[in-house]
Amino acid sequence: MNKLNTPKGTRDFLPDQVKKRNYIFDTVKHVFDLYGFVPIETPAMELTETLMGKYGEEGDRLIFKILARGEKLKSALESGKETSMAEEALRYDLTVPFARFVVQHQNELSFPFKRYQIQPVWRADRPQKGRYREFFQCDVDTIGSDSLLNEVELVQIVSEVFEKLKLPEIVVKINNRKILQGIAEVVNEPDRMVDITVALDKLDKIGREKVEEELLARGVSNEAIQKLGYLFENPGLTSIRNFVATSEIGMKGIEEIEFLFSRCNELGIQSIAFDPTLARGLNYYTGAIFEVVHPDFPSSICGGGRYDDLTGIFGLKNLSGVGVSFGADRIYDLLEQKDLFPQQISNSTQVLFINFGDTEAKQCILWAAQLRRAGKRVEVYPDSAKLKKQMKYADDKSIPWVALIGEREIQDQKLTIKNMNTGNQESISISDFLQKL
RNA sequence: GUGGUUGUAGCUCAGUAGGUUAGAGCGCCUGAUUGUGGUUCAGGAGGUCGUCGGUUCGAGACCGAUCUUCCACCCCA
């Protein structure tokens, strides 16, 4: 047999897996609905120029580009122009296409626009646990409103979704880019905010010494690193407040995060935590940033933040948005690992009609049709195969009732039904059977 | 993108120091049971050992390349 395979980092989904995935999608959709978010979809591919430069250097490298075809490829090869080699690319996330969508359809939308979007994205990353090249994101974003109530709402949504998914151990880590900017200003490295935060982000992973090494390697001055030492020793919100007191933007970030925490506390939301080391790579974030982690999973299962000017690059200024993205595949892996999918997830067939031959099948499809009109899920075995095979089919699919319709049953106009769980069998009229189901 | 790791039957894995016909469990098929699945018993099918090349009298095993898997880094859902 030939060795068949899907491309690296991609997978097939068997019926059982699709049902479990749908359980996740249905759960998030249900919560999104409760808050008035509406669904949109965008194409799998975007123009390459729409995506390039939005995710930083690393992100650009991970974008799957679609090779030009025919004449275009030929002339691109001749001219040596790399940009015309691939004018289209697979989407890398749902946020940038959403920004493009908002700008393009601005006159058809009413703001603030609250949308959700559940679609696959593609990244040319190296696969490992919880990391795929094709995976689904479930994005919720509100665009066209500066209000911090949107941040509050997103935290509510996140905590509600994970509560419904029976994952109460999650922690919503929260930080604010403005605080990070403030820190950078205070240590006199205002242009090194990203370098500082990326290094800080690794604090709990590699320790203080290594972080300081990395800061130095990234070109942060010794003096600045010394000042940052205070943060390593005093990571709480109040000490950071003191630290950035002289920075206007830093104080703005502190106020924002305090507002968010106050409202969440009043709403009784636990499992949120201020994390000053949380950075997040995507460089379009400007305010609050979120990340959801679970103690039993190595990477984040949800992430997001506020972006003040994402639509600006597409020509629509002054439109702030905030959103989060649920990583459906990681959540799937986590639920599977913890065995948390509900048992009653499948609505499988309720009755299988055994096929004893053409004459008998004729009666079967009539009775089956009658049951289906009453809303029952019914199958008629298509071939007059050996009884053993048909019974095994019912068993494999966990079909609880098997109806055996042979000569005798047609004669008496009664079904012989067998309960596959108990093994009991009885003769019954179609209307009585319907009652029983 | 960097470093490492894995690949033997549909699945999970054995395979000893290179040496005849490559094994097990589970699953699958057939029969015991021609109108009865899940249990039991008896039998059977299924592998050019990821692929290509090399070393050797001889390679599943050793070497190289490539693909794949998983892991760490980078980055991220």
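In terms of polar N and O atoms assigned as donor or acceptor, the side chain of A:Q425 never comes within less than 3.5 Å of the base of B:G35 in a complementary pairing. Between the side chain of A:R330 and the base of B:C76, at least one donor-acceptor pair of N or O atoms lies under 3.5 Å.
Going from the C1' atom of B:C67 to that of B:U40 covers 45 Å, rounded to whole Å. Comparing B:A9 with B:U5, their C1' atoms sit 24 Å apart, to the nearest whole Å. B:A45 sits 16 Å from B:C26 when the C1' atoms are compared, rounded to a whole Å. To the nearest whole angstrom, the two C1' atoms, one in B:A17 and one in B:C74, are 42 Å apart. If you take atom C1' in B:U20 and the same atom in B:U30, they sit 32 Å apart, rounded to whole Å. B:C73 sits 31 Å from B:C62 when the C1' atoms are compared, rounded to a whole Å. Nucleotides B:U8 and B:U68 are separated by 15 Å at their C1' atoms, to the nearest Å. Taking atom P on both B:C41 and B:G27, the two are 12 Å apart, rounded to the nearest angstrom.
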For residues 354-368 of chain A, which side-chain donor-acceptor pairs fall under 3.5 Å, sequence neighbours excluded?
unit_1	atom_1	unit_2	atom_2	d
A:N355	OD1	A:G357	N	2.9
A:N355	ND2	A:Y381	O	3.0
A:N355	ND2	A:P382	O	3.4

Under 3.5 Å, which donor-acceptor pairs link side chains of residues 164-171 of chain A to any protein atom two or more places apart or in another chain?
unit_1	atom_1	unit_2	atom_2	d
A:E169	OE1	A:H294	NE2	3.0

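Sorted by first and then second residue, the salt bridge (charged side-chain N to carboxylate O under 4.0 Å, His left out) pairs involving residues 298-310 of chain A (not counting sequence neighbours) are A:E151-A:R306.
Counting non-hydrogen atoms under 4.0 angstrom, A:K418 reaches a base of the nucleic acid.
The aromatic rings of A:Y23 and A:F341 lie perpendicular to each other, with more than 60° between the two planes, well past the 30° mark. Under the 30°/60° scheme for interplanar angles, the aromatic rings of A:H105 and A:F101 are found to be tilted.
The 12-atom threshold is not exceeded at CD of A:E57, counting heavy atoms of other residues, nucleotides or ligands nearer than 6.0 Å.
For A:E426, the side chain to side chain contact (heavy atoms under 4.5 Å, CB included) partners at least two apart in sequence or on another chain are A:I417, A:I428, A:K436.
Under the side-chain hydrogen bond (donor to acceptor under 3.5 Å, both in side chains) test applied with A:E379, the options A:K397, A:Q350, A:R372 reduce to a single match, A:K397.
For the pair A:R263 and A:F259, the cation-pi test (distance below 6.0 Å, angle within 45°) is passed.
Applying a 4.0 Å cut-off to non-hydrogen atoms, the residues of residues 127-138 of chain A that approach RNA chain B are A:Q128, A:K129, A:G130, A:R131, A:Y132, A:F135, A:Q137, listed by residue number.
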TODO: Fill in the dot-bracket string of RNA chain B, one character per base: . for unpaired, | for a pair to another strand, ( ) or [ ] for pairs within the strand, taking Watson-Crick or G-U pairs under 3.5 Å.
DONE: ((((..(..((((.....[...)))).(((((.......))))).....(((((..]....))))))..))))....
